[in-house]
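Pasting in a structure now, in structure tokens, and then I'll have a few things to ask.
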Amino acid sequence: MVNYSTILLAAVILGPGFADADVQLTIPSSPSLGNVVASNFFGISFELSFMNEYFGNDTNTIPQSMLNYLSEIRSRTGSNNVRIRVGGNSGDVSTYVPSQTSPMLVLTDPNANSNNQPVNYGPMLWEVMEKVSEEVNGVQYLIGLTINSTNTDSVIAGDAARTLGSNLDAMLLGNEPDLYTAHDQRPDVQNYTVDDYIGEYSAALRDISNTTAGNLTSGHNVAGPTICCSWDLATLLQQGYLSNFSNALKYITLQHYPQNNCFGSYQYQLVYYTQHSNLVDLASWQKPGIDIITSDTTANAPRMLMSEFNSASCGGIPGISDTFAVGTLWSIDYALQLASIGYTAAYIHTREQGISYNLVTPPNISEIDTGSWTTDPPFYALIVTAEILSSSNGTTVTDLNVSTDVNATIGGYAIYDATNSSLNRILLFNYGTDSMDFRLPSGTKATNPQNALVKYLSASSVTEKYNIAWGEQTFLGVTDGKPVSVNASQDWAYSNQNLDCSNGCNITVPGPSLAVVFLDTNSSNDPETSSSESKPVLNRRSMILALGVTLICIYAGI
């Protein structure tokens, strides 16, 4: 006999309230800021001293695996080139030797500080970079020039401009001048000031106005001030930097890390990076100066760049920087936050083998083209961000402020088409361990809401280094920089989903993971919309429904 009271109980369980989500999303009808970014927003910053560990010694020894990694990014950036910056602290103290060919660079001081190792390098560097661009179908470069001894800048800039041509995006004059005093890089100057810097910047500009490639200051080809720590950007801009150099500047550049590990100690543990509110505060560093730049929307006004960042300076923190939570999720979250407040691009830093925040791990340099490469968590951030921002019109990014709790381990963004402000994508972060349901409301202006594609970036835990998947693919076990399909036995990878969101929908985000909801038609680069190679996502509705049906069957004697 059927127990109708039990069926009634199940009906209550399965009633209208079962679809309630943990978070009700509020989607603005248009982006909060009109800052347009491209699919190549997220770039890579390479420390000059260790370029050979990734790119070999000359044009004949460029490792195919590195080209494969860059090609994975390039395949997702559409008509936009991959962004690479070459420089760092070592770029400010190294020596350019015009006659040096192979090897591309040579370490010159074995006793130097590990975070600032000078090299001798020559024009082979630019030849290798140009060959890399040819091989991956487009790379644009930021290059660092020293303002320590400006008499060499004209030679470096001339050689780079002639070799790289249109692939030379801009030249960074000087690196972290606000640390020159602390790093004893101006021993004859007791306190290196903004006025000192402006004077040296002027001298560097004069130097590169007369090169073998012509006047390189006349086409908005330079960038700066590349401060990182102690100077106030707004003050520097208002003390003459903008008025003196606006005719030459293409970018206003900053470099900043949330903390440092330069002295073997640090302030923040992993939990700091899992709380979205912390990176919102971090991105607002230098906000008055950023507002000055973003308020000028004229055609030739300089744009904001974050030319170097990562999870912690001086190489990161083992067990934190090299995790899925920080290297992957936090890196994407922070990059999108920068895009939402006015930056044009951001470059994540990588250094020599053995550094915890690196994007990939190459083999020993003697086996660079034959040995096995390993994909580290931050590399996933680059390819996922490129897909998130993919659009022929450019996109604008808005933080959805999904929680008012400063300790919340969730976050979300809306990605809009820059031309018509239609909603292209929704991004939902879950740094926690429990699954979360987010409710996308009905009436959202989107191109293709009735056939939304959901892709997942996931891992086996927040501290995982290798068991990571994006859209049914992974680099786990890969040695050549080419992703493979996720093995069906991996329970931390999730199938792509198709949802009808035309009247609203629930999006389940397992913990930890990122769900990317494609609400437009621009998802042709996705390998498939579903497969049997990864597990489906069971949301709360599905689980309650299954439980309810089971109870009915049991008590009804079916």
Is the backbone of I227 close enough, under 3.5 Å, to the side chain of E176 for a donor and an acceptor to pair up by distance?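 No; judged by distance alone, with no hydrogens or angles, the pair does not exist.
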Would you say D281 has more than 12 foreign heavy atoms packed within less than 6.0 Å of its CG? yes
Could you verify whether a donor N or O on one side chain and an acceptor N or O on the other, from S39 and R76, lie under 3.5 Å apart? no
Evaluate the side chain to side chain contact (heavy atoms under 4.5 Å, CB included) criterion for residues F475 and W470: first the C-alpha distance (whole Å), next the side-chain angles of each, then the deciding distance (0.1 Å), finally the verdict. CA-CA 9 Å; F475 290 87; W470 161 241; over 6 Å; no
Strictly by modelled atom types, are D58 and S102 linked by a side-chain donor-acceptor pair under 3.5 Å? yes
Have N167 and S133 got a donor and an acceptor in their side chains that come within less than 3.5 Å?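 Yes, a side-chain donor-acceptor pair sits under 3.5 Å.
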Please check if the side chain of T61 supplies one atom and the backbone of N57 the other of a donor-acceptor pair under 3.5 Å.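 It does hold such a pair.
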For Y431 and D333, does a side-chain donor sit closer than 3.5 Å to a side-chain acceptor?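 The criterion, which ignores hydrogens and geometry beyond distance, is satisfied for D333 and Y431.
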Are I368 and Q64 side-chain neighbours, meaning at least one heavy-atom pair lies under 4.5 Å?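 Contact flag for I368/Q64 side chains = no.
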Compute the ring centroids of Y121 and Y96, then answer whether they are less than 6.0 Å apart.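 Ring centres of Y96 and Y121 closer than 6.0 Å.
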4.5 Å side-chain heavy-atom contact, L33 and T294: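 Not in contact.
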Can you tell me if R425 uses its side chain to pair, donor with acceptor, with the backbone of I388 under 3.5 Å?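 Here the side-chain-to-backbone pair exists.
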Interatomic distance, N40 atom CG to L389 atom CG [nearest 0.5 angstrom]: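 The distance works out to 9.5 Å.
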Ring-face cation of R303 near Y251 (centre distance under 6.0 Å, axis angle within 45°): no
Might you work through the side-chain hydrogen bond (donor to acceptor under 3.5 Å, both in side chains) test for Q255 and S307, ending with a clear yes or no? CA-CA 6 Å; Q255 300 184 173; S307 53; 3.1 Å; yes
Below 4.5 Å, heavy atoms only, C-beta onward: do Q117 and S90 meet side chain to side chain?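 The answer is no, as the side chains (C-beta and beyond) never meet within the 4.5 Å cut-off.
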Hey, are E127 and T59 close enough side-chain-wise for a donor-acceptor pair under 3.5 Å?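 No, because no side-chain N or O of T59 sits under 3.5 Å from a partner of the opposite role on E127.
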Among side-chain atoms of E308 and Y257, is any donor-acceptor pair under 3.5 angstrom? yes
Distance-only side-chain donor-acceptor flag, N80 / R74, under 3.5 Å: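 Side-chain D/A pair, N80 to R74: absent.
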Would a 4.5 Å heavy-atom cut-off, applied to side chains only, mark T398 and Y416 as touching?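 SC-SC contact between T398 and Y416 confirmed.
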The test is side chain to side chain contact (heavy atoms under 4.5 Å, CB included); show your working for T344 and V37 and say whether it passes. CA-CA 6 Å; T344 293; V37 298; 5.9 Å; no
Quick one: are V106 and V119 in side-chain contact, heavy atoms under 4.5 Å?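 The answer is no, as the side chains (C-beta and beyond) never meet within the 4.5 Å cut-off.
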Interatomic distance, M129 atom CE to M124 atom CE [nearest 0.5 angstrom]: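 Rounded to the nearest 0.5 Å, the CE-CE separation comes to 11.5 Å.
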To the nearest 0.5 angstrom, please state how far the OG1 atom of T253 sits from the CE atom of M304. 7.5 Å
Lys/Arg N to Asp/Glu carboxylate O, D376 vs K465, below 4.0 Å: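 Result for this pair is no, no salt bridge flagged.
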Is it the case that the side chains of N278 and Q275 hold a donor-acceptor pair, with the cut-off being a distance below 3.5 Å and no angle test?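 There is such a pair between these side chains.
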Check: S94 side chain, G91 main-chain N or O, donor-acceptor pair, under 3.5 Å: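 No: the side chain of S94 does not pair with the backbone of G91.
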Treating H276 as the side-chain partner and G411 as the backbone partner, does any N or O pair qualify as donor plus acceptor under 3.5 Å?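 Judged by distance alone, no pair lies under 3.5 Å.
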Between D417 and N393, do the side chains contain an N or O donor and an N or O acceptor separated by less than 3.5 Å? yes
Would you please test W285 and L254 for side chain to side chain contact (heavy atoms under 4.5 Å, CB included) and show each step? CA-CA 10 Å; W285 180 73; L254 295 176; 4.0 Å; yes
For the aromatic rings, using the six-membered ring if either is Trp, is the centroid distance between Y241 and Y201 under 6.0 Å? yes
Side chains of C229 and L179 in contact at under 4.5 Å (non-hydrogen atoms): yes
Would N215 and T217 count as having a side-chain donor-acceptor pair, cut-off 3.5 Å?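 T217 and N215 do have a side-chain donor-acceptor pair below 3.5 Å.
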OH of Y334 to CD1 of I348: how many Å apart, nearest 0.5 Å?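 Going from the OH atom of Y334 to the CD1 atom of I348 covers 11.0 Å.
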Go through the steps to decide whether F379 and Y69 satisfy the test ring pair (Phe, Tyr, Trp, His ring centres under 6.0 Å), and finish with yes or no. CA-CA 9 Å; F379 183 77; Y69 279 119; 4.9 Å; yes
Using a 4.5 Å cut-off on heavy atoms from C-beta on, say whether the side chain of I208 contacts that of T211. yes
Between the side chains of Q239 and D195, is a donor N or O closer than 3.5 angstrom to an acceptor N or O?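 Result is no, nothing qualifies.
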Ring-face cation of R85 near Y347 (centre distance under 6.0 Å, axis angle within 45°):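 Judged by the rule, R85 and Y347 form no cation-pi pair.
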Between the side chains of T235 and D232, does any donor sit under 3.5 Å from an acceptor?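 Note: T235 and D232 side chains meet the donor-acceptor criterion.
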Without hydrogens or angle criteria, can the side chains of D196 and T193 be said to hold a donor-acceptor pair below 3.5 Å?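 Looking only at side-chain atoms, T193 and D196 do form a donor-acceptor pair, the distance falling under 3.5 Å.
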I'd like to know whether D480 forms a side-chain hydrogen bond (donor to acceptor under 3.5 Å, both in side chains) with N68, so could you lay out the CA-CA distance, the side-chain angles of the two residues, the decisive distance to 0.1 Å, and finally the verdict. CA-CA 7 Å; D480 61 356; N68 292 343; 4.8 Å; no
Tell me if the centroids of the rings in F46 and Y54 come within less than 6.0 Å of each other.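 Yes: the rings meet the under 6.0 Å criterion.
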Test item: N116 and V93 side chains (from C-beta on) under 4.5 Å apart, heavy atoms: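 Answer yes - side chains close enough.
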Euclidean distance, N81 CG relative to D169 CG, rounded to 0.5 Å: 9.5 Å
D178 vs Y192, side chain to side chain contact (heavy atoms under 4.5 Å, CB included): CA-CA, chis, key distance, verdict: CA-CA 8 Å; D178 49 340; Y192 189 80; over 6 Å; no
Are E387 and K455 within salt-bridge range, i.e. N to O under 4.0 Å? yes
Between N358 and H349, do the side chains contain an N or O donor and an N or O acceptor separated by less than 3.5 Å? no
CH2/W373 to OG/S65 distance, rounded to the nearest 0.5 angstrom?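 The OG atom of S65 is 6.0 Å from CH2 of W373, to the nearest 0.5 Å.
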Between L172, L125, L142, which is the residue that forms a side-chain contact (heavy atoms from CB on, under 4.5 Å) with V86? L125
Given Y466, which partner from the list L476, T474, V478 fulfils the side-chain contact (heavy atoms from CB on, under 4.5 Å) test?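 The side-chain contact (heavy atoms from CB on, under 4.5 Å) with Y466 is passed solely by L476 among L476, T474, V478.
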Could you walk me through whether S311 and S321 satisfy the side-chain hydrogen bond (donor to acceptor under 3.5 Å, both in side chains) test, starting with their C-alpha distance in whole Å, then the side-chain angles of each, then the deciding distance to 0.1 Å, before giving a yes or no? CA-CA 6 Å; S311 52; S321 301; 2.6 Å; yes
